[in-house]
Amino acid sequence: MTTDAKRLRAALPRQAVTGSPWLRHAAVPAVQVTIAAVVIALWQFGADAHLVNGQLFGTPAGIVAAARRTFADGSMAVDTTATVYETVTGFVLGTLLGSVAGLMLWYSRFVARVVEPAAVAFNAVPKIALGPLIIIWLGAGTESKIVLAFVSTLVVAFLAAYGATREVDADLVTLLRSIGASRWQIFRKLLLPSAMPFMFAAMRINVGFALVGAVVGEFISSQRGVGHAVFVAGNLFDLNTVWLGILELSTVAAIMYALLARCERLLVKGRT
Amino acid sequence: MPHLELSGISQSFRRADGSLHRVLAECSLAIERGEFVSIVGPSGSGKTTLFNVIAGLAAPQSGTVAIGGVPVDGPSARVAYMLQKDLLMPWRTTLENVTLGLEIRGVPVREARRRGGELLERYGLAGSEGLYPGALSGGMRQRAALIRTMVLEPEIVLLDEPFSALDYQTRLMLEADVRRIIHERGCTAILVTHDIDEAVSISDRVVVLGGKPASVKLDVQIELTVEGTHTPATAREAPEFRRYHKAIWEQLEVTLPGAA
Ligand SMILES: Nc1ncnc2c1ncn2[C@@H]1O[C@H](COP(=O)(O)OP(=O)(O)OP(=O)(O)O)[C@@H](O)[C@H]1O
Ligand SMILES: [Mg+2]
């Protein structure tokens with residue numbers, strides 16, 4: 001069906017598309033940048049004209065000043081490094097362990113049936129509710145943030161990988177068995193590649209979960225990190241620094257998404 | 001000695017309520033080397049079940065399968081199985097799909113690629129080596145699946161309704177190809193189909209499975225007087241064609257539920 005649609009589209013005359021390709025590709029970002037610039041300009045203008053309470057909402061100029069200050073005193077580097085380290089470590093550990101455990105359940109229907117209800121129940125728990133416990137057990141250092149990011153991502157990765165093993169085409173398993181494939185070969189040549197898109201979908205969700213885990217951990221108790229900086233600034237009504245932290249977190253998330261998309265293009269082939 | 005010999009194959013499955021569902025009862029069949037045999041029978045009569053037994057994927061409840069006199073007790077390199085769905089892996093290119101079985105059997109990659117590429121070229125898929133299945137038509141996909149089967153150089157090919165999802169024209173073309181390729185390579189073939197025309201026009205022999213539990217109802221040798229070369233299209237024009245068709249249809253009709 002889809003190939004027919006594709007061929008049909010290829011066969012149709014292209015007159016509907018107008019303008020140079022450069023213009024078409026540049027149009028979307030150009031509009032986005034323009035809108036952002038207008039909003040920022042209005043915000044700054046509103047604050048300067050006392051139409052917007054700069055004390056309550058912050059100002060673009062104030063955010064820039066906060067960025068300069070934290071950049072100069074080195075706290076921006078320290079805080080973002082700490083948060084990125086916690087988030088990425090927790091994310092990688094959670095994704096790896098969750099995916100491996102989920103895929104392994106393919107080997108044993110029995111273990112799968114035992115584990116599944118527990119995993120589903122744990123998935124429903126907001127993981128940040130575990131924050132106080134984890135911080136009491138592991139202290140206010142980096143480890144407790146990593147563990148929070150880890151538990152936030154673990155079950156999502158696990159359920160996605162486990163779900164993927166159940167989606168595998170039984171006829172393909174029959175085909176491979178008829179060729180004489182071992183269970184390990186079936187795992188490597190069929191299960192793993194067909195689970196890949198599911199695992200990437202889970203990873204896209206987990207970028208956000210890992211960040212929330214790390215930042216909430218920093219909120220509760222910490223010496224550094226973007227979450228720490230945002231929390232402290234919030235208590236001092238320093239809204240510009242809060243905004244700066246939010247911008248830093250968005251940037252981290254955007255970079256992680258971009259890296260993930262690149263990995264996906266490398267690893268997931270032949271899907272249109 | 002027959003190439004493939006089934007003696008007294010019975011198979012049952014346990015239903016959810018614990019009772020026994022008998023599918024095959026005492027099926028016996030001897031197939032000579034190089035024969036092309038079609039099996040027809042109503043849906044649920046146990047044709048796929050029989051194939052799973054021949055392929056060594058499931059042990060029969062009783063009876064034996066022997067290939068060249070050697071009993072089958074697991075998947076064998078001498079048998080290749082082609083299913084109704086093409087089962088191409090979407091993350092593998094056509095060539096990578098074709099070499100899947102060779103990879104599993106431990107053939108070195110370069111050797112596998114050479115053999116796969118050669119067959120793709122010979123059987124009309126030259127130029128599609130690097131395409132993903134999503135970019136192939138239904139007929140091309142099924143042809144790739146056929147090449148994936150034949151590249152393993154099996155002695156016996158099991159074809160479980162491989163044409164049923166194709167349109168009529170593509171189907172006739174692929175039937176002709178399969179018949180030619182199987183003969184060319186000296187393979188023994190068993191084809192499961194619901195299409196009596198297809199069975200009569202492609203085979204040397206047609207076997208009808210029927211009854212509950214199913215057993216061999218009819219076993220006819222097909223001899224058609226074909227003008228020119230034998231193709232599924234010319235075979236359908238043979239004067240004997242209708243007679244065979246009718247004989248098989250009558251056997252099937254008896255076993256059709258609710259046929260009055
Ligand atoms: N693994 C299994 N467990 C339980 N019942 C099974 C199993 N495999 C097949 N059956 C049953 O055995 C019967 C025969 O199935 P089979 O797939 O062999 O039929 P078939 O002749 O190939 O039918 P079709 O023409 O529709 O493909 C069916 O009633 C089916 O439900
Ligand atoms: Mg079947």
Side-chain angles (χ1 to χ4, degrees), chain A residues 1-11 99 103 106 109 113 160-161 164-203 261-272, chain B residues 48-49 51-58 72 74-97 99-107 130-141 145 148-149 151-154 156-158 160-162 167:
Chain A
M1 286 300 122
T2 48
T3 51
D4 284 347
K6 241 180 286 160
R7 252 182 257 126
L8 189 65
R9 219 180 306 138
S99 303
L103 291 177
W106 176 72
R109 288 287 303 130
R113 298 241 293 275
T165 66
R166 312 187 54 164
E167 295 288 321
V168 167
D169 190 333
D171 284 336
L172 257 171
V173 176
T174 304
L175 176 76
L176 287 175
R177 287 215 300 134
S178 80
I179 300 171
S182 65
R183 219 154 152 74
W184 169 239
Q185 281 177 320
I186 295 176
F187 180 84
R188 240 183 41 223
K189 303 215 180 282
L190 172 60
L191 212 76
L192 203 56
S194 60
M196 219 40 119
F198 294 88
M199 298 198 296
F200 270 103
M203 281 188 255
R262 176 158 296 204
C263 291
E264 188 169 1
R265 272 200 302 280
L266 281 176
L267 287 173
V268 180
K269 293 184 188 130
R271 266 165 238 268
T272 40
Chain B
T48 301
T49 303
F51 268 14
N52 286 340
V53 169
I54 299 173
L57 295 172
V72 166
S76 153
R78 303 167 76 176
V79 181
Y81 198 166
M82 183 173 168
L83 287 82
Q84 173 176 6
K85 291 192 278 176
D86 54 63
L87 296 174
L88 298 176
M89 296 177 168
W91 57 87
R92 284 175 165 250
T93 62
T94 308
L95 181 59
E96 286 166 351
N97 265 295
T99 56
L100 174 71
L102 295 174
E103 235 173 75
I104 283 169
R105 300 237 169 115
V107 175
L131 296 180
Y132 286 98
L136 302 181
S137 70
M140 289 163 89
R141 292 170 63 107
R148 179 185 57 197
T149 311
V151 81
L152 293 169
E153 300 184 341
I156 298 175
V157 185
L158 306 177
D160 197 351
E161 304 187 50
D167 63 89

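Chain letters run A, B, ... following the sequence lines, proteins first, then strands; residues in each count from 1.
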Q: Quick one: closest heavy-atom pair of A/Gln185 and B/Glu103, and the distance?
A: NE2-O, 4.5 Å

Q. Is it the side chain or the backbone of B/Leu152 that comes within 4.5 Å of chain A heavy atoms, both, or neither?
A. side chain

Q) Under a 4.5 Å heavy-atom cut-off, does chain A meet the side chain of B/Leu87, its backbone, both or neither? A)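 Both backbone and side chain.
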
Distance check, rounded to the nearest 0.5 Å: [X] atom [atom1] versus [Y] atom [atom2]?
X: B/Glu96; Y: A/Lys269; atom1: CD; atom2: NZ; result: 6.5 Å
X: A/Ser178; Y: B/Leu83; atom1: OG; atom2: CG; result: 7.5 Å
X: B/Trp91; Y: A/Leu190; atom1: CH2; atom2: CG; result: 5.0 Å
X: A/Arg177; Y: B/Tyr81; atom1: CZ; atom2: OH; result: 10.5 Å
X: A/Leu172; Y: B/Lys85; atom1: CG; atom2: NZ; result: 7.5 Å

Q: Would you mind checking which part of A/Ser182 comes under 4.5 Å of any heavy atom in chain B, side chain (CB onward), backbone (N, CA, C, O), both or neither?
A: neither

Q: Give, as side chain, backbone, both or neither, the part of A/Asp171 having an atom under 4.5 angstrom from any heavy atom of chain B.
A: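 Interface part for A/Asp171: both.
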
Q. A/Leu176 and B/Leu100: side chain to side chain contact (heavy atoms under 4.5 Å, CB included), yes or no, with the steps?
A. CA-CA 9 Å; A/Leu176 287 175; B/Leu100 174 71; 3.7 Å; yes

Q) Looking at B/Thr93, B/Leu131, B/Ile104, which makes the most heavy-atom pairs under 4.5 Å with chain A? A) B/Ile104

**Q.** Side chains of B/Met82 and A/Leu175 in contact at under 4.5 Å (non-hydrogen atoms)
**A.** no

Q. Is it true that a side-chain atom of B/Arg105 and a backbone atom of A/Ala181 form a donor plus acceptor pair closer than 3.5 Å?
A. no

